[in-house]
Structure formats: structure tokens, C-alpha cells
**Student:** 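The structure under discussion is supplied below as C-alpha cells; questions concerning it will follow.
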Amino acid sequence: MKSNRALTLSLLMAAFCAGRVPSSRADDAHAQDDAFFAAAAALLPAFQGVPAPVEPAESQNAGQWAGPYAMPHVPVTASNLPDGRVLTFASNQRTSFPVGPEFTYAAVWNPSTGSITEINSNLHDMFCGGTVLRADGKFQVMGGRNTVRLSSVFNWQTNAWSRVADMNDPRWYTASVALPGGEVFTVGGSGGENTAERYNGSSWTKYANINWSPIASQPTIESIWTPFVFVAPDGRLFHAGPTKSMYWVNPEGTGSLVNSGA
């Protein structure tokens, strides 16, 4: 017979899947979902008999862990830069869930020197926006916590943030990839769950023939948030979930979306 904790967890999960727990489709439901899953995790039994970690033989002579660095914020996103530094950013709050203005705490860490330089942005709150490192080495962010059309770029050569053209649809938790030709593809997320668009370096174009609703409407948790999209060797994009059905995306011209059959 199930323990009380296991039974309670099963009932919680059943309630969530049946829709009696607030849906993750609401823009403000992320914090509610986090609280729900934290409560569910607290009901799980503790791990038993976990062995002590063992240093992998192949890494014993390849490097070592250093002590922790005191970052000026809790990083939500991090990206390597072309010169070996690492860019991180949080939101308009340094250590807590964001609320308030269009502002982002950001910093660059130099692993060669250990220095951390804060380079904040007052352009928009980029918390959980779509991100991509472009072919030219610039880091671009699409959308953010306020479900906005805003898009910003970090120039690693000048250490500065700048705004670029707004997207056609507002987005939060959108997925973005760098296309082989240097353009940026973004799709889904709250606000633009059924659409995709492409940035050519100066403006955004919405794809007329990519209707993302067959993916966004699937009955899975967070089906509209951060779909898994990867560039295939032939230049197409492969959508690999987290929904049950997966798709091929043609990012050329007006685009197309085809079920992969997998």
C-alpha cells in the first residue's frame, strides 16, 4: 500500500494533469508552477544508499575545481563569448523572482583573471527570454518576463547592450537558434505560442506558412514554453519536443512545418 506521502504526491500530480492546478499557460503562472512542483518534490522520499562521488579517472589530470565566485546576481542565463569570457544575466532583481521595470542585472566573468564586471541593461527585463549566440559573435535576447516584443544584443567587443528591432509578436520563454546564413529564428513562448519569425540583422519577418499551434496545443506541461529546436546538417530545423510529436521546420522563405512521424 502506498505511503501517505506517495499517495499525496500521486493525487497532486493527478490534479495538476487534470487541470485543477493553475495552468502554466498563464503568463503569471510560472511562480505558481514552481511552488507546486517544490511542494510535490518535498513529498518524495529521500535518496537512500547514495555512494560517495568518485573522481573520474579521465579528469584527474585535466583540471580542477576552484572555489566559488561571488556573482552580483543569480544567473538565469549564461553564454560563452568569442574571446573566452562568460556573459550571465538575471532579471530586474538580483536574487529573487522578477517584478517591476524593464531592467536586467548582467555581468561578464573573465576566467583568465577571475574578474567579474557588471554590465547591466536598462533596455528590457530579459528574464527567461530566448537567447542565441549569432554567427558574428554577438549575443541576442528575444522577449522576456513581461511578454514583450523587445530584442537586445550584447556586443562582446564594446561590452555594451543595445536594442534592435522589435519582434512582430510578444514572447516569453521563446526558443531561438542561429541559422546557418547568419539570421536568427525564434518560435513559440507565451504571447507568440502559435507563430515563428526570422531576424535578418535589421528587421523581423513572421513566417506565413509556419503555424505552431499543432505543437503549442498538445496536452503536455509547458507545451508553449521553450520548445526544443536544433539546426540539422541540411539547414532545416528539428523540433524535438518536449511534446510527444516532433516536427521538421524549413526556415527558408515563408517556411514550413512537417510532422516528422516520430
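Everything numeric in this text was worked out from a predicted model, so none of it was measured.
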**Student:** Please name the pair of heavy atoms, one in Val229 and one in Leu237, separated by the smallest distance, quoted to 0.1 Å.
**Tutor:**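 Closest heavy-atom pair between Val229 and Leu237: CG1-CB, 3.9 Å.
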
**Student:** Looking at Arg145 and Pro98, what are the two nearest heavy atoms and their distance?
**Tutor:** CG-CG, 3.6 Å

**Student:** For Phe103, what residues pass the ring-ring contact (aromatic ring centres under 6.0 Å, His included) criterion, not counting sequence neighbours?
**Tutor:** Tyr105

**Student:** To the nearest 0.5 Å, how far apart are CZ in Arg236 and CZ in Phe238?
**Tutor:** 9.5 Å

**Student:** Would you please name every residue forming a side-chain hydrogen bond (donor to acceptor under 3.5 Å, both in side chains) with Asn92, sequence neighbours left out?
**Tutor:**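 For Asn92 the side-chain hydrogen bond (donor to acceptor under 3.5 Å, both in side chains) partners, ignoring immediate neighbours, are Asp125.
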
**Student:** Any chance you could measure Thr131, atom OG1, to Phe89, atom CZ, to the nearest 0.5 Å?
**Tutor:** 6.0 Å

**Student:** How far does CG of Asn259 sit from CD1 of Ile215, to the nearest 0.5 angstrom?
**Tutor:** 8.5 Å

**Student:** Is the side chain of Ser152 donor-acceptor paired with the backbone N or O of Arg163 at a distance under 3.5 Å, no angle test?
**Tutor:** no

**Student:** Rounded to the nearest 0.5 Å, what's the gap from CZ on Arg85 to OG on Ser112? Could you check?
**Tutor:** 10.5 Å

**Student:** On a heavy-atom basis, which atom in Gln140 and which in Arg134 lie closest, and how many Å separate them?
**Tutor:** OE1-NH1, 2.9 Å

**Student:** Is a salt bridge present between Arg171 and Glu197, judged by a nitrogen-to-oxygen distance below 4.0 Å?
**Tutor:**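 Counted as a salt bridge, because a side-chain N and a carboxylate O are separated by less than 4.0 Å.
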
**Student:** Please give me the minimum heavy-atom distance between Val231 and Ala178, naming the atom from each residue.
**Tutor:**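 Nearest heavy atoms, Val231 then Ala178: CG2-O, 3.5 Å.
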
**Student:** Distance-only, no hydrogens or angles: does the Trp172 side chain make a donor-acceptor pair with backbone N or O of Phe127 under 3.5 Å?
**Tutor:**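 Yes, because the side chain of Trp172 sits within donor-acceptor range (under 3.5 Å) of the backbone of Phe127.
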
**Student:** If you look at every heavy atom in Thr77 and Phe139, which pair is closest and at what distance?
**Tutor:**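 Distance-wise, the nearest heavy atoms are CG2-CZ, 4.2 Å.
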
**Student:** Return the minimal non-hydrogen interatomic distance between Ala196 and Val187, and the atom names on each side.
**Tutor:** CB-CG2, 3.6 Å

